[in-house]
Asks: 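Questions regarding the structure given below will be posed in turn.
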Amino acid sequence: MKTVKDLVQAGLVNDGAGLEAVAQKYAVGITPAVVALIDRDDPNDPMARQFVPSAAELVQTPDERVDPIGDLTHSPVEGIVHRYPDRVLLKAVHVCPVYCRFCFRREMVGPQGLGTLTPGQMDAAVDYIASHSEIWEVILTGGDPLVLSPRRLRDMMVRLAGIEHIKIVRFHTRVPVVEPERVDAAMIDALTASGKTTYLAVHANHPREFTPEARAAMARMHAGGLALISQSVLLKGVNDDLETLAALMQGFVENRVQPYYLHHPDLAPGTSHFRVSIADGQALVAGLRGRISGLCQPTYVLDIPGGHGKADIRTAAISGGDGCFTVRDWQGGEHAYPPK
């Protein structure tokens, strides 16, 4: 489903009035697997909240930014973000099987976004990686890289396999939970390369996303030799209660997905209705300790606006309160949050 008309016909919204303006500004996309999870009788359904557009997205607050985590600040060539010394992001595509309403790259993804790298741009991106021997890990993101065909994924892995100093290739994806049927033997084979270790960061935000089909897709990936880690976003009305957050993290572990990052929501345009306070987030993460196994504990992180990297906001990396915080980046620099 890619239009407001589709949503109305499916009964996901009662009236498309007011949503056309949202759809013109931000991409809409919902797969059949996600549609099947939405409770149309629940006006506060957490699955609908994640994927069905809302007029609230047209409300922009003064602290929101088009590029909230500063990708463009650290982009030496098209498709590359080199923020940390030993790793780069490779953004090969800017399309997704679904479009999350809280996406921090919502200005860049979708049919009207930055698009797929051209062959020349991909050559330049790979040349950049090859020429920087300090790069140990390449992180495929975007967009969702697993929308690419197995042939194109294989081509990318072959090119990265030819760069000796690259040891880890990581893919960030929603596909196993929103389009699990794509995860077949051809895809899994395409994601492996001799001499490289492949990680998949599986993005899910609510335990209902772990359907039997999603669990089977993750099992196939694990059996195929892929290491699985998690990423989630702490979202108001989706997972900002202890019971739901605990079940989400337990669900990851049950599927052999190691909990990794729980992101504080970024200052993306039109997403204020998803944001929780840092104090509430810290209390929720603290509540997980002791309630559920140590295997299930994520790292609660904030991407510091302006491109300064992630901070672990469970710890002394952040201080302050009442919305006025000082956050310390990995190089020791201090930044006001939210920025004024």
Side-chain angles (χ1 to χ4, degrees), residues 1 7 10 12-13 28-54 56-57 96-104 106 144 146 172-180 183 200-219 221 228-266 268 271 273-277 280-281 283-285 287-288 291-293 295-301:
M1 296 186 182
L7 301 177
L12 296 178
V13 296
V28 174
I30 309 178
T31 60
V34 171
V35 171
L37 289 176
I38 293 174
D39 182 355
R40 291 163 175 78
D41 295 326
D42 181 0
N44 300 309
D45 180 63
M47 299 304 299
R49 188 167 171 80
Q50 289 188 71
F51 301 106
V52 177
S54 161
E57 296 174 52
C96 301
V98 295
Y99 291 101
C100 304
R101 309 323 303 170
F102 51 86
C103 178
F104 69 95
R106 61 198 330 235
D144 193 318
L146 295 196
H172 282 208
T173 183
R174 271 285 214 177
V175 165
V177 295
V178 303
E179 204 170 17
V183 181
L200 255 89
V202 179
H203 181 170
N205 297 315
H206 193 277
R208 269 169 46 199
E209 295 177 56
F210 299 130
T211 63
E213 294 79 11
R215 290 173 180 268
M218 288 182 280
M221 288 179 152
L228 305 181
I229 59 176
S230 80
Q231 63 171 4
S232 303
V233 184
L234 185 59
L235 299 167
K236 183 182 292 185
V238 176
N239 55 21
D240 63 329
D241 65 274
L242 191 53
E243 181 178 354
T244 300
L245 194 60
L248 174 64
M249 294 304 150
Q250 288 175 324
F252 279 127
V253 173
E254 290 166 9
N255 287 285
R256 301 184 181 90
V257 180
Q258 177 61 49
Y260 183 43
Y261 278 155
L262 175 64
H263 294 267
H264 189 76
D266 294 309
T271 63
H273 54 296
F274 284 110
R275 287 199 286 277
V276 300
S277 73
D280 285 348
L284 281 167
V285 172
L288 293 178
R291 180 185 178 98
I292 56 176
S293 168
L295 294 172
C296 303
Q297 307 296 322
T299 300
Y300 181 36
V301 295

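One is the number of the first residue; the rest follow in order along the sequence. Note that these values count all heavy atoms, side chains included, but never hydrogens, waters or copies made by symmetry. These numbers come from a predicted model, not from an experiment.
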Asks: Taking atom CG of Leu146 and atom OG1 of Thr173, what is their separation to the nearest 0.5 Å?
Replies: 3.5 Å

Asks: In the structure I gave you, are the side-chain heavy atoms of Met47 and Val52 within less than 4.5 Å of one another anywhere?
Replies: no

Asks: For a 4.5 angstrom cut-off between non-hydrogen side-chain atoms, does Leu228 reach Pro176?
Replies: no

Asks: If you look at every heavy atom in Ile30 and Phe51, which pair is closest and at what distance?
Replies: CD1-O, 3.6 Å

Asks: Atom OG in Ser54, atom CZ in Arg101: separation rounded to 0.5 Å?
Replies: 9.0 Å

Asks: If you look at every heavy atom in Val175 and Pro97, which pair is closest and at what distance?
Replies: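 Closest approach of Val175 to Pro97: CG2-CG, 4.0 Å.
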
Asks: Do Arg106 and Thr271 have side chains that approach each other closer than 4.5 Å (heavy atoms only, starting at C-beta)?
Replies: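 Yes. Closest side-chain heavy atoms under 4.5 Å.
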
Asks: Out of curiosity, Ser230 OG to Met218 CE, how far, rounded to the nearest 0.5 Å?
Replies: 10.5 Å

Asks: What pairs of residues pass the side chain to side chain donor-acceptor pair (under 3.5 Å) test when at least one of them lies in residues 38-53, not counting sequence neighbours?
Replies: Asp45-Arg208, Gln50-Arg174, Gln50-Asn205, Gln50-Glu209

Asks: I need the minimum non-hydrogen distance between Pro298 and Leu288, along with the two atoms involved.
Replies: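 So the two residues come closest at CD-CD1, 3.8 Å.
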
Asks: Can you tell which of Val238, Asp240, Leu284 makes a side-chain contact (heavy atoms from CB on, under 4.5 Å) with Leu245?
Replies: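 Among Val238, Asp240, Leu284, the one meeting side-chain contact (heavy atoms from CB on, under 4.5 Å) with Leu245 is Leu284.
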
Asks: If you take all heavy atoms of Val98 and Cys96, which pair is closest and at what distance?
Replies: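 Looks like O-CB, 2.9 Å.
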
Asks: Any non-hydrogen side-chain atom of Met249 less than 4.5 Å from a side-chain atom of Ser232?
Replies: yes

Asks: Does some side-chain heavy atom of Tyr99 sit less than 4.5 Å from a side-chain heavy atom of Val28?
Replies: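 A side-chain contact under 4.5 Å is absent here.
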
Asks: Mind listing the side-chain donor-acceptor pairs of residues 251-260 below 3.5 Å, one per line with the distance, residues two or more places apart or on another chain?
Replies:
{"unit_1": "Asn255", "atom_1": "ND2", "unit_2": "Gly251", "atom_2": "O", "d": "2.8"}
{"unit_1": "Gln258", "atom_1": "NE2", "unit_2": "Leu295", "atom_2": "O", "d": "3.4"}

Asks: Measure the CZ-CG distance between Arg275 and Leu235 for me, rounded to the nearest 0.5 Å.
Replies: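 Going from the CZ atom of Arg275 to the CG atom of Leu235 covers 11.0 Å.
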
Asks: Assess whether side chain to side chain contact (heavy atoms under 4.5 Å, CB included) is satisfied between Leu12 and Ile38, documenting all intermediate values.
Replies: CA-CA 8 Å; Leu12 296 178; Ile38 293 174; 3.9 Å; yes

Asks: Looking at side-chain heavy atoms only, is the closest gap between Asp280 and Leu234 below 4.5 Å?
Replies: no

Asks: Side chain to side chain contact (heavy atoms under 4.5 Å, CB included), that's the test. Do Leu248 and Phe210 meet it? Break it down for me.
Replies: CA-CA 9 Å; Leu248 174 64; Phe210 299 130; 3.9 Å; yes

Asks: As an exercise, state the distance from CG of Leu7 to CE of Met1, rounded to the nearest 0.5 Å.
Replies: 7.0 Å

Asks: Looking only at heavy atoms, what is the nearest atom pair of Ile292 and Gln297, with distance?
Replies: O-NE2, 3.1 Å

